[in-house]
Participant: 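My questions will all concern the structure given below.
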Protein chains: 2
Amino acid sequence: MEKKYYAGHSKIFVAVDCIIFGWDDSQLKLLILKRNFEPAKGKNSLIGGFVRGNESLDEAARRILFELTGLTDIYLEQINAYGEVDRDPGERTISVAYFALLKIQNLDAELIKQHGAHWVPISSLPKLIFDHNQMVQKAIHRLRRRAKSEPTGFELLPRKFTLPQLQGLYEEIYQTSFDNRNFRRKVLYMDILKRLNEKDKSTSKKGAFYYKFDRKKYYRLLQNGFQFDI
Amino acid sequence: MEKKYYAGHSKIFVAVDCIIFGWDDSQLKLLILKRNFEPAKGKNSLIGGFVRGNESLDEAARRILFELTGLTDIYLEQINAYGEVDRDPGERTISVAYFALLKIQNLDAELIKQHGAHWVPISSLPKLIFDHNQMVQKAIHRLRRRAKSEPTGFELLPRKFTLPQLQGLYEEIYQTSFDNRNFRRKVLYMDILKRLNEKDKSTSKKGAFYYKFDRKKYYRLLQNGFQFDI
DNA sequence: CCAAAAGTGTTCAGCTTACACCCATGA
DNA sequence: TCATGGGTGTAAGCTGAACACTTTTGG
C-alpha cells in the first residue's frame, strides 16, 4: 500500500473545462454543449470532465477533446484554475480551464452532434453555467495575445489558405478590421508563408493565391532571434 | 447530509505554492524555505500549503501569505496549475502557483526567520523541490509582462521612491540596463508620478527627488483609455 | 575642489498608419 | 462589359534607441 504522507488534508474534485475555438471561414466560434448530468442538466456548458487519479491535467484535457472529436493533435494551452468554493453547486470542484484551437473543416460534424455539442459565434455567446463565461473571456484574451506573438492563428486555418482568409481570421479574433495593404505587407515581410501556384476561386473571379505556413523556415528564423508579430 | 452528485469520481489533494518576490533596493529576491515535513524534508521549497475544503484557491494563497508575513494586502496573482501525476513524490497533488509582490521594508524579518524562510536573489536561484523551479520561471515571465503594462512594479517599492530606485528595480526585473534619459522621459511622460519636495540623500551628495505613485490620477487616466507602458 | 550620482535634449532609424487605384475574370 | 474581390506603393507621423555633458554638494 502507498505511503500516506498527507493524511489529514482535504481532497477535492478537480475538473477540466475546454474552451474550444473554431473558425468556419467567416466567424470565430466556440463549441459548447447542453450538460447531460445534474446539477444544471440541460444548461449550456463548456466541454469538461473530471481529472482521474492516474492522469495529469494536460492528459485529462487531451482525453476530453479526443472523446469529443476523435482528434489527437490539437493545440491546447492551460488558461487558469478556478477555485471558488461555491462555483459548482453540485459539490466543491476546482476546475482548470484549457483553450483549444480546432480546424472546423477537419471535424466530423456527426460526432459533434452525437455529443450534443454545437458551435456558437463568440460575438453572441449564450449564458453558460457556473463561471464558464468568465473562462471564455480569459481564453479570448489569451488567444489574442498568442495570435499576435506566435503563429497560433494558423491552427485554425486549413493547411492552405489565402491572405484574405488569414486577414478575416485576425479580424474576427480582434473584432476589428485591418487595412489590407498594411496587413499583407506585415505578414509577407516575415517571410514564413510560401505562396502556392494555385488559386482559390471560390470567393472571387480573379482568385486569391493559396499560401501555406512554412513551419521549418519559421523554426529556423526563431533560432536567429526572429519574433513573430502581427 | 449534502447531496452527492459526483460520486465515483476521484478527489485529489490540491495545494497552493507562492512565488514571493521582494526588492531590497538593489536586488530582486525570492522568498523560499527549507521544507519541514516529508517527503523532501529539509530541501529548498516555495512557500505552500494545502487548500482546505472551505476556502477558495485565492483564499488559500492569502492565508499562507498571512501566516508567513502577517500581512493582508499583498499583490497576488495566479500563475498556473501544475498537475503531473508524479510531480509530488509523496502523494498525488495538484498545485496552483501564485506570484506575490512584497515590499521587503514592510516585513518583519524576525517572523520570516521564525518560519525558516530566507531571501535568495533571482539571479542565482538554488535547486528547488519538485517542479518549483519551473513555477518560478513562469512567475518571472509573468512579472515582466505585468511590470511592463501595469504599474505592478510599484508594489515592490516603498511609498516614496526615487527615479534611480525605480530604474534599478526595472533593470533587475528585466536583467538588463536602461538608458536613464530614455527611462526617465518615458516614466515621467505618463504623468502618474508626483514629485515630492524632498530628497533622498542616502546615495548621493546631490540627492535624488522622491516621487510617489499617484494612484487616483492613474485610475482617472485609465478611464480615458490610457495604457501604462514602460 | 573634487568625486560621485542626479538630472537633462536632440537626432536618426524604423515602424505604424493612412490612404486609392488597377487587375483579373466569370457571369 | 461590368461587378466583384484580389492585389499593390508611398508619404507622414510617431516611437524607441543611441548618445554626453552639466549640476549639486558632502567630504
Side-chain angles (χ1 to χ4, degrees), chain A residues 25-27 144 147-149 157-158 160-212 221 224-230, chain B residues 25-27 144-145 147-149 157-158 160-212 221 225-230:
Chain A
D25 219 50
S26 75
Q27 279 191 308
R144 287 180 182 165
K148 178 162 181 60
S149 62
L157 291 170
K160 50 185 194 177
F161 52 85
T162 66
L163 292 187
Q165 275 182 302
L166 182 64
Q167 182 172 345
L169 169 60
Y170 271 82
E171 290 180 341
E172 268 286 294
I173 291 175
Y174 294 102
Q175 294 286 310
T176 184
S177 63
F178 299 109
D179 178 278
N180 69 328
R181 286 162 291 189
N182 294 337
F183 183 83
R184 297 170 69 98
R185 186 186 324 114
K186 199 162 182 179
V187 168
L188 292 175
Y189 180 75
M190 285 195 282
D191 198 28
I192 53 176
L193 298 188
K194 190 151 68 189
R195 195 177 90 174
L196 308 181
N197 277 324
E198 193 187 352
K199 283 187 165 187
D200 169 23
K201 297 220 169 187
S202 67
T203 54
S204 79
K205 293 157 184 172
K206 182 176 181 181
F209 278 106
Y210 279 118
Y211 288 79
K212 61 181 198 183
L221 288 170
N224 302 327
F226 168 77
Q227 176 66 48
F228 180 94
D229 183 64
I230 288 188
Chain B
D25 220 49
S26 75
Q27 279 190 310
R144 287 179 181 164
R145 190 146 48 82
K148 179 163 181 56
S149 62
L157 292 170
K160 50 185 193 178
F161 52 85
T162 67
L163 292 186
Q165 275 182 304
L166 182 64
Q167 181 172 347
L169 169 59
Y170 271 82
E171 290 179 342
E172 267 287 295
I173 291 176
Y174 294 102
Q175 292 286 307
T176 185
S177 63
F178 299 109
D179 179 276
N180 70 329
R181 287 161 291 188
N182 293 339
F183 183 84
R184 296 170 69 98
R185 186 186 326 114
K186 200 162 182 179
V187 168
L188 292 176
Y189 181 75
M190 286 195 283
D191 198 28
I192 53 177
L193 298 187
K194 191 152 65 191
R195 196 177 89 175
L196 308 181
N197 278 325
E198 192 187 354
K199 283 186 163 189
D200 169 23
K201 297 221 167 187
S202 68
T203 55
S204 79
K205 292 159 184 173
K206 183 177 180 179
F209 277 106
Y210 278 119
Y211 288 78
K212 62 181 198 182
L221 288 170
F226 168 77
Q227 176 65 49
F228 181 95
D229 182 64
I230 288 188

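Order of the sequence lines fixes the chain letters, A, B, ..., with proteins taken first and strands second; residue numbering starts at 1 for each chain.
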Participant: Tell me the interatomic distance from A/Leu166, atom CG, to D/dG6, atom P, rounded to whole angstroms.
Facilitator: 13 Å
Participant: In whole Å, I'd like the distance from the CZ atom of A/Phe183 to the P atom of C/dC19.
Facilitator: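 Checked: the CZ to P distance equals 20 Å.
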Participant: Within this structure, what is the CG-to-P distance between B/Leu163 and C/dG7, rounded to whole angstrom?
Facilitator: 6 Å
Participant: Report yes or no: does B/Tyr170 contribute a side-chain atom to a donor-acceptor pair with the main-chain N or O of B/Phe183 at less than 3.5 Å?
Facilitator: no
Participant: Provide, to the nearest angstrom, the distance between the OH atom belonging to B/Tyr189 and the C1' atom belonging to C/dG9.
Facilitator: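 So the OH-C1' distance, B/Tyr189 to C/dG9, works out to 16 Å.
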Participant: Would you mind telling me which residue lines up with the more 5' stretch of DNA chain D, A/Thr203 or B/Lys186, judged by nearest nucleotide?
Facilitator: A/Thr203
Participant: Expressed in angstrom and rounded to an integer, what is the separation of A/Asp200 atom CG from C/dA24 atom P?
Facilitator: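 Nearest whole value for this atom pair: 18 Å.
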Participant: Distance check, rounded to the nearest 0.5 Å: B/Ser26 atom OG versus B/Gln165 atom CD?
Facilitator: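 Those atoms lie 11.0 Å apart.
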Participant: Considering residues at least two apart in sequence or located in another chain, which fulfil the salt bridge (Lys or Arg N to Asp or Glu O under 4.0 Å) criterion with A/Asp25?
Facilitator: none
Participant: Atom CZ of A/Arg184 and atom P of D/dG9: how far apart are they, to the nearest Å?
Facilitator: 11 Å
Participant: Could you tell me the separation between the OH atom of B/Tyr174 and the CZ atom of B/Arg144, rounded to the nearest 0.5 Å?
Facilitator: 8.0 Å
Participant: Go along nucleotides 19-27 of chain D 5' to 3' and tag each nucleotide: B for a protein heavy atom under 4.0 Å from its base, S when only backbone or sugar atoms are that close, - otherwise.
Facilitator: BB--BBBB-
Participant: Measure CE/A/Met190 against C1'/C/dC15 and give the value in whole Å, please.
Facilitator: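 Taking atom C1' of C/dC15 as the reference, CE of A/Met190 is at 14 Å.
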Participant: Can you tell me if NZ on B/Lys194 sees more than 12 non-hydrogen neighbours from other groups inside 6.0 Å?
Facilitator: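 No, NZ of B/Lys194 has 12 or fewer neighbouring heavy atoms, counting only those of other groups under 6.0 Å.
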Participant: Separation of A/Gln227 atom CD from C/dC15 atom P, in whole Å?
Facilitator: 14 Å
Participant: In plain terms, say whether A/Asp200 and A/Lys160 are close enough for a salt bridge, that is, a side-chain N and a carboxylate O under 4.0 Å apart.
Facilitator: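 No salt bridge links A/Asp200 with A/Lys160.
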